[in-house]
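Presented below is the structure to which this report refers.
In what follows, chains carry the letters A, B, and so on, assigned in the order in which the sequence lines appear, proteins first and then strands, with residues in each chain numbered from 1. In what follows, every heavy atom counts, from backbone to side chain, and hydrogens, waters and symmetry copies are set aside.
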Protein chains: 2
Amino acid sequence: MHDQSAQDARLPRYQRIRDSIAARIAAGEWKAGDCIASEAELAAAYGVAVGTVRRAVDKLETDGLIERAHGKGMFVRRADFSNSMFRFFRLGSADDQPLAPSAQILSRDLMSPPDTVREHLALAPHDEAVRLIRLRAARGRTLLREEIWLSARVFGPILDLDVNDLMPLLYPAYERHFGRVVARARERLSIETADAEVAAQLGAEPGASVVRIERIALDHAGQPLEWRVSHGLSDQFVYEAEVS
Amino acid sequence: MHDQSAQDARLPRYQRIRDSIAARIAAGEWKAGDCIASEAELAAAYGVAVGTVRRAVDKLETDGLIERAHGKGMFVRRADFSNSMFRFFRLGSADDQPLAPSAQILSRDLMSPPDTVREHLALAPHDEAVRLIRLRAARGRTLLREEIWLSARVFGPILDLDVNDLMPLLYPAYERHFGRVVARARERLSIETADAEVAAQLGAEPGASVVRIERIALDHAGQPLEWRVSHGLSDQFVYEAEVS
DNA sequence: GAGTGGTCTAGACCACTTG
DNA sequence: AAGTGGTCTAGACCACTCC
């Protein structure tokens, strides 16, 4: 259990309890669909008032990790919130097939990152980085080609993990193996023409119009965890955002 | 003040208080940037415990209507839509010229809106709507072609206003002339090929790749004010968003 | 009826900002 | 020092689900 924030006395207790419960879910203590401990049990276990536990589970609920059912209990959410595929593409709208987008990791490399990556991940001058190349597909069609960068100092051991430990989703794997929780992200979209490599991997013509999505993923403290550049076919692409 | 939910005894009190405060902001009692009443004052005024007021303002904060500053107070958020152009395009990156994007209103019409517009604006079956077509340009290049729909019941007089009263920006004009404040919006992006009209107005070839931006603009109470479909040239397009 | 989450109270103490 | 929001407590009572 790599549950740093749960130990950090600077954070409020409801936050530490929230992170602890999130880590216990991530560690598999409660699996998707399971009913977790009741509010009263959690309060007793953590030695706090019920109201404090309620604040923690309030946050877990808005974060999408659990669902609460009045009179029944609190349940680990089945649909994983960190699956960005569904945020990016209109798929399975007509027939309500629960399509399972696949992920295929093409490569994992330890390398010296380009300056832009170094900057986004706040790496020191000679720090190395891990680069993953991954394809995401659904309905037998490759929709996303992702280039993912991580600090080797933190995520180095990811190179030696069994590929299945990184499936199907990466963010839960970060939490499982490294205790790092992606709390939020900033994204930047633009339109490009595909270069030869991206075009080949997406099954498109070089020069085809593709969407470029840059994403910096941050933990609850605002520290950068992951830098990602994804390219997607534009014809099925859709992106939704709340602006204020 | 049509503050139905604040009277509906079926809703919890924190919800009714939240709606009441939202309505008071929408009515102009507190304007953008203003410090609203303190938690203690609100609790006394509504005759509830401070904790109940806190739940109400928690919701207002996550809804983005107010910001809270520890030790100072709670402030009405200033939704800054003043330059949506800059949210959409990378311009003037090299030389830091504060370029002035221009706006040109091509047409203003009273018409029966298509069903999709009727739905987004929550119009009654025979309500009419106002449609504006507007071009946005910068650096001598047309970058956005906007199709803007408003309820004629609310915004009908916009047809008779001097065009200069709608310049340079529409949202401030809505507030000036109709007292309607855009508080937030939902946007939906996708990629299309330009049809003949859009291509001509953007100075592109028909079939060129363009960005389609749908936006529903809402007031503080969540009522739809404006529905807008914009098309932009994709080569200079960039879109930034915070995800959580 | 027992157990669950949902609402609400009335305080305590702390941390931050301003005068 | 006074006023603000932030955390936390220890209860009360209600509404819902399941046995």
Assuming nearest nucleotide by heavy-atom distance, tell me which of A:A49 and B:D58 is located more 5' along DNA chain D. B:D58
In whole Å, what is the span from the CD atom of B:E39 to the P atom of C:dT9? 14 Å
With a cut-off of less than 4.0 Å, is there a side-chain N or O of B:Y14 near OP1 or OP2 of C:dT7? yes
Between A:R16 (side chain) and A:L11 (backbone), is there a donor-acceptor pair under 3.5 Å? yes
For B:R118, side-chain hydrogen bond (donor to acceptor under 3.5 Å, both in side chains) partners two or more places apart: B:S112
State, with a plain yes or no, whether a side-chain heavy atom of A:E147 is found less than 4.5 Å away from one of A:R228. no
Separation of D:dG5 atom P from B:L42 atom CG, nearest Å, is 8 Å
State whether A:E61 and A:K59 are salt-bridged, where the test is any N-O pair (Lys NZ or Arg NE/NH1/NH2 against Asp/Glu carboxylate O) under 4.0 Å. no
Which nucleotide in the list D:dA10, C:dT7, D:dT7 gets nearest to the side chain of B:P12? C:dT7
Expected rows: protein N/O vs nucleotides 11-17 of chain D N/O, under 3.5 Å:
unit_1	atom_1	unit_2	atom_2	d
D:dA15	N3	A:H70	NE2	2.8

Do any side-chain nitrogens or oxygens of A:T52 fall under 4.0 Å of OP1 or OP2 in D:dC8? no
Atom-to-atom span, CZ of B:R16 to C1' of C:dC8 - whole angstrom: 12 Å
Nearest-Å distance, CD (A:E41) to P (C:dA2)? 17 Å
Give me each pair satisfying salt bridge (Lys or Arg N to Asp or Glu O under 4.0 Å) with a member in residues 34-51 of chain B, each pair once, sequence neighbours excluded. B:E39-B:R54, B:E39-B:R68
d(CD1, A:I66; P, C:dG5) in whole Å: 9 Å
Counting only heavy atoms not in A:R153, do more than 12 sit closer than 6.0 Å to its CZ atom? no
Counting only side-chain heavy atoms from C-beta out, which of C:dT7, D:dG5, D:dT9 sits nearest to B:R55? C:dT7
Taking only Lys NZ, Arg NE, NH1 and NH2, and the carboxylate oxygens of Asp or Glu, determine whether B:D63 and B:R18 approach each other closer than 4.0 Å. yes
Could you check which of C:dG5, D:dG6, C:dC8 has an atom nearest any side-chain atom of A:R68? C:dG5
Of the listed nucleotides (C:dT9, C:dT4, C:dC8), which one gets closest to any side-chain atom of B:V48? C:dT9
If I take atom OH in residue A:Y46 and atom P in nucleotide D:dC8, what distance separates them, rounded to the nearest angstrom? 14 Å
Taken to the nearest whole Å, CZ/B:R13 to P/C:dG6 is 19 Å
Atom CZ of A:R54 to atom C1' of C:dT4: distance rounded to whole Å? 11 Å
